[in-house]
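Just below is one structure, and these are the notes that go with it.
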Amino acid sequence: MAGTAPIPAEELRAAVAACLPWLRGEAEKPARAVLGAAVKTSARWLAQQVPGRSVEVRVPPHVAVQCIEGPRHTRGTPPNVVETDAATWLRLVTGMQSWQDAVAGGTVAASGNRADLSAVLPLRPLT
């Protein structure tokens, strides 16, 4: 994330707030651009808060970021990967779902010894 401006907490909250009614089952799925903005902003917030290159977080088709200090990954498939869908990701970052429940339920695929995000989720500005 070198060379990018830090994401203000207000921007994070606003992006995710647009999706909260959908996550609660109170509204239809938001437009792709709205959902994408919430996912990208929250993933990039995570990467700015816990910088590093040892874990790759993927929320296809919206974003992939690297975070968490440790051995740097440069080519090929990273040894530590977290992958999930947009709804699960947003539930994790807001605290609507726990990391353990998401992994146990199969909505998060986490591989590698550093691919446990329970210590950094939910994101503090969203709780």
Side-chain angles (χ1 to χ4, degrees):
M1 298 231 9
T4 61
I7 299 167
E10 299 78 32
E11 183 179 331
L12 170 66
R13 286 187 200 101
V16 173
C19 296
L20 289 176
W22 169 61
L23 294 171
R24 293 184 193 120
E26 302 166 353
E28 295 294 318
K29 186 175 181 177
R32 181 181 171 105
V34 172
L35 182 58
V39 171
K40 288 174 190 173
T41 303
S42 57
R44 290 176 180 156
W45 171 274
L46 174 68
Q48 98 184 4
Q49 297 304 306
V50 285
R53 295 192 164 264
S54 70
V55 177
E56 186 165 292
V57 177
R58 300 174 181 168
V59 186
H62 303 288
V63 72
V65 297
Q66 291 185 349
C67 57
I68 313 292
E69 288 186 15
R72 181 183 168 119
H73 166 73
T74 56
R75 293 192 299 173
T77 302
N80 301 288
V81 176
V82 172
E83 188 165 336
T84 191
D85 61 277
T88 301
W89 174 252
L90 292 174
R91 287 185 184 107
L92 288 167
V93 300
T94 59
M96 295 173 77
Q97 183 173 17
S98 74
W99 174 260
Q100 292 78 9
D101 289 347
V103 171
T107 57
V108 167
S111 62
N113 61 353
R114 294 178 178 269
D116 180 346
L117 300 182
S118 61
V120 295
L121 295 176
L123 300 179
R124 287 189 187 145
L126 300 177
T127 58

| query | Can you tell if the side chain of R32 reaches within under 4.5 Å of the side chain of P61, non-hydrogen atoms only? | reply |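 Yes, at least one pair of side-chain atoms sits under 4.5 Å.
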Between [atom1] of [X] and [atom2] of [Y], what distance do you get to the nearest 0.5 Å?
X	Y	atom1	atom2	result
L23	M96	CG	CE	5.0 Å
I68	N80	CD1	CG	9.5 Å
Q49	L123	CD	CG	8.0 Å
T84	L92	OG1	CG	6.0 Å
L20	E26	CG	CD	9.0 Å
K40	L35	NZ	CG	10.0 Å

| request: Decide side-chain contact (heavy atoms from CB on, under 4.5 Å) for L46 and W89; before the verdict, give the C-alpha distance in whole Å, the side-chain angles of both, and the deciding distance to 0.1 Å. | output: CA-CA 12 Å; L46 174 68; W89 174 252; 3.7 Å; yes
| message | Has R114 got a side-chain atom pairing as donor or acceptor with P79's backbone, closer than 3.5 angstrom? | response |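 Not confirmed, R114 side chain does not pair with P79 backbone.
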| task | Examine distances only and state if a side-chain atom of T94 and a backbone atom of R91 form a donor-acceptor pair shorter than 3.5 Å. | result |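 Confirmed, T94 side chain pairs with R91 backbone.
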Between [X] and [Y], which heavy-atom pair has the shortest distance, and what is it?
X	Y	answer
P30	C19	CG-SG, 3.7 Å
A43	V63	CB-CG1, 3.6 Å
P6	Q48	CA-OE1, 3.4 Å
A115	S111	CB-O, 3.1 Å
Q100	S118	NE2-CB, 3.7 Å

Cluster check [X], [Y]: I/L/V/M/F/W/Y, side chain < 4.5 angstrom:
X	Y	answer
L121	V103	yes
V59	W22	yes
V50	L12	yes

| request: Could you walk me through whether T41 and V16 pass the side-chain contact (heavy atoms from CB on, under 4.5 Å) test, one step at a time? | output: CA-CA 8 Å; T41 303; V16 173; over 6 Å; no
| task | Could I get the full list of side chain to side chain contact (heavy atoms under 4.5 Å, CB included) partners for R13, not counting sequence neighbours? | result |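 Checked R13 against side chain to side chain contact (heavy atoms under 4.5 Å, CB included); matches are A9, E10, P125, L126.
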| said: side-chain contact (heavy atoms from CB on, under 4.5 Å), that's the test. Do V120 and W99 meet it? Break it down for me. | reply: CA-CA 10 Å; V120 295; W99 174 260; over 6 Å; no
